[in-house]
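Below is one structure, written out as structure tokens; the observations come after it.
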Amino acid sequence: MPGTCSMLCLILITLFIPPLGVFMIAGCGVDFWINLLLTILGYFPGHIHAFYLEYVYYERRGRDPLTRASQRPAPGVYSERIQNGGHSHTNAPPNFDTI
């Protein structure tokens, strides 16, 4: 599997520095700042949040495009990149009801 090595590297980075792992999958957005605050307030809440975001990211990355287009947003995730599994956009089927 081509993504296995990158996933393992991300997990290792997250074990030591949780905000860096979140930054690598979400960028410098709300999820990163929430994780940074959780890590400062308590090291383990930062880990739990980071691993939850990584779980959502890789779980949605493995879905096919049609399933990804019809999915509900994951609770507590504010980054569109994580919501879409790293894909820039969802390939939603055309909606002919509005024409």
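Numbers here simply count residues along the sequence, with the first being 1.
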[X] side, atom [atom1]; [Y] side, atom [atom2] - distance, nearest 0.5 Å:
X	Y	atom1	atom2	value
Leu37	Leu41	CG	CG	4.5 Å
Arg81	Arg61	CZ	CZ	8.0 Å
Ser6	Ile25	OG	CD1	11.0 Å
Leu38	Trp33	CG	CH2	13.5 Å
Ile48	Asn35	CD1	CG	11.0 Å
Thr14	His47	OG1	NE2	7.5 Å

(request) Kindly say whether Ala74 contributes a backbone atom to a donor-acceptor pair with the side chain of Gln83 at under 3.5 angstrom? (result) yes
(request) Could you please spell out the steps behind the side-chain contact (heavy atoms from CB on, under 4.5 Å) verdict for Leu10 and Met24? (result) CA-CA 8 Å; Leu10 185 63; Met24 292 176 71; 3.9 Å; yes
Single-linkage hydrophobic cluster, 4.5 Å side-chain cutoff, [X] and [Y] together:
X	Y	value
Ile34	Ile40	no
Val30	Phe51	no
Leu53	Leu20	yes
Tyr52	Tyr57	yes
Leu12	Tyr58	yes

Heavy-atom pair of closest approach, residues [X] and [Y]:
X	Y	value
Pro45	Gly42	CD-O, 3.1 Å
Gly27	Phe32	O-CB, 3.4 Å
Asp31	His49	O-CE1, 3.6 Å

(message) I'd like to check Pro18 versus Tyr43 (side-chain heavy atoms, cut-off strictly below 4.5 Å). Are they in contact?
(response) yes
(request) Take atom OH of Tyr78 as the centre, draw a 6.0 Å sphere, and report whether it contains more than 12 heavy atoms from other residues, nucleotides or ligands. (result) no
